[in-house]
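None of the values given here were measured: they were computed from a predicted structure. Naming: A, B, ... by sequence-line order, numbering from 1 per chain.
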Protein chains: 2
Amino acid sequence: MPTRKKATKTRKPTSDALEVLHRRYVEGKPQMRSLLEEERSNSTVARQLCRIREKAGLSQRELAKLVGTTASVICRLEDADYEGHSLSMLRRIAMALNSRVEIRLIPASRKHLRI
Amino acid sequence: MPTRKKATKTRKPTSDALEVLHRRYVEGKPQMRSLLEEERSNSTVARQLCRIREKAGLSQRELAKLVGTTASVICRLEDADYEGHSLSMLRRIAMALNSRVEIRLIPASRKHLRI
DNA sequence: ATATATGTTCGCATTATTGCGAACGCATGT
DNA sequence: ACATGCGTTCGCAATAATGCGAACATATAT
């Protein structure tokens with residue numbers, strides 16, 4: 001696994017795992033990556049990428065050509081375990097698929113409400 | 001300017017600039033960065049970062065310590081012209097401020113509706 | 001069997017972002 | 001004047017993401 005990093009599978013079945021993670025992150029080792037929230041968010045991004053690509057009826061190679069990269073990069077980004085997303089790449093893909101990237105920093109408590 | 005990159009200031013006062021940008025991006029030079037949309041999104045991220053930090057009553061150095069970095073990094077990210085956001089750093093900051101990062105890839109046409 | 005298209009993984013060079021310290025201008029207070 | 005804290009900018013090393021080609025497995029079709 002060269003560029004790929006396995007997402008940490010440590011899961012607490014507790015309901016308020018975010019509180020635990022927050023305390024661990026802020027008080028403990030700040031460099032350490034978040035666990036639950038990050039993985040969930042990542043897989044969401046990957047699923048969204050895959051969804052809008054297939055919705056556009058494009059293969060990974062075709063999208064890669066539009067974006068200006070290769071299929072391997074697209075494949076990486078669509079992998080649910082991939083953590084290394086960058087906003088610039090997300091924007092490039094979104095732009096190629098006539099979409100846009102929306103980022104929101106919202107309080108951790110409230111779940112995502114319907115838009 | 002070592003790490004900093006100036007945001008392209010080229011703006012079309014036209015209403016549907018996204019169409020223009022999309023055509024230019026997809027058909028023309030795919031490597032080229034988007035203009036209007038990217039800058040707008042960036043400044044939004046920067047503003048959000050600054051907002052949630054000040055809302056938490058933290059200075060850039062204090063937040064940097066929580067996140068596990070230095071004030072210069074925070075300052076960079078809060079600069080509206082900064083383009084180099086990464087999801088991992090956004091998540092680290094959001095986690096330190098008891099928030100979370102939400103990413104959405106949505107069709108370019110519709111504006112952001114209220115949540 | 002051959003050809004084609006797809007998604008996938010790998011290795012390595014290139015580029016971008018972070019890490020970190022230092023210094024500056026400015027304001028505030030002692 | 002001096003000290004402190006704030007945001008900011010710079011330079012450079014270290015890390016991480018991309019760029020790119022190659023190869024593989026699978027499915028479909030000729």
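B:Met89 contributes atom CE, which lies 8.5 Å from atom CZ of B:Arg76 (distance to the nearest 0.5 angstrom). Rounding to the nearest 0.5 angstrom, the gap separating the CG atom in A:Leu77 from the CD1 atom in A:Ile93 is 5.0 Å.
Residues B:Gln48 and A:Leu105 share a closest heavy-atom pair of OE1-N, 2.8 Å. Residues A:Thr69 and A:Arg92 share a closest heavy-atom pair of CB-NH2, 4.3 Å.
At a cut-off of 3.5 angstrom, the base of C:dG21 holds at least one donor-acceptor pair with the side chain of B:Ser72.
Looking only at distances, a side-chain donor or acceptor of B:Ser99 sits under 3.5 Å from a matching main-chain atom of B:Leu97. Under the 3.5 Å distance criterion, the side-chain polar atoms of A:Arg61 are left unmatched by any main-chain donor or acceptor of A:Ala71.
Taking atom CG on B:Leu77 and atom P on C:dG19, their separation rounds to 9 Å, with Å as the unit. Put simply, CZ on B:Arg76 is 8 Å from P on C:dG19, counting in whole angstrom units. At whole-Å resolution of the value, CG in B:Leu90 and P in D:dA16 are 17 Å apart. The separation between A:Asp81 atom CG and C:dG7 atom P is 19 Å, rounded to whole Å. Rounded to a whole Å, the CE atom of B:Met89 is 11 Å from the P atom of D:dA16. The CZ-C1' distance, from A:Arg91 to C:dA16, rounds to 13 Å in whole Å. Distance A:Leu87 CG to C:dT17 P: 10 Å, rounded to the nearest Å. Put simply, CD1 on A:Ile74 is 12 Å from C1' on C:dG7, counting in whole angstrom units.
Under the side-chain hydrogen bond (donor to acceptor under 3.5 Å, both in side chains) test applied with A:Glu78, the options A:Arg51, A:Gln60, A:Arg47 reduce to a single match, A:Gln60.
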Detail all sub-3.5 Å separations between protein N/O atoms and N/O atoms belonging to nucleotides 5-7 of chain D.
{"residue": "D:dG7", "atom": "OP1", "partner": "B:Arg53", "partner atom": "NH1", "Å": "2.9"}
{"residue": "D:dG7", "atom": "OP2", "partner": "B:Gln60", "partner atom": "N", "Å": "2.8"}
{"residue": "D:dG7", "atom": "N7", "partner": "B:Arg61", "partner atom": "NH1", "Å": "2.9"}
{"residue": "D:dG7", "atom": "O6", "partner": "B:Arg61", "partner atom": "NH2", "Å": "3.2"}

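Residue whose closest nucleotide on DNA chain D sits further toward the 5' end, between B:Ser86 and B:Val73: B:Val73.
The A:Tyr82 side chain lies nearest to D:dA17 when the options are C:dG19, D:dG19, D:dA17.
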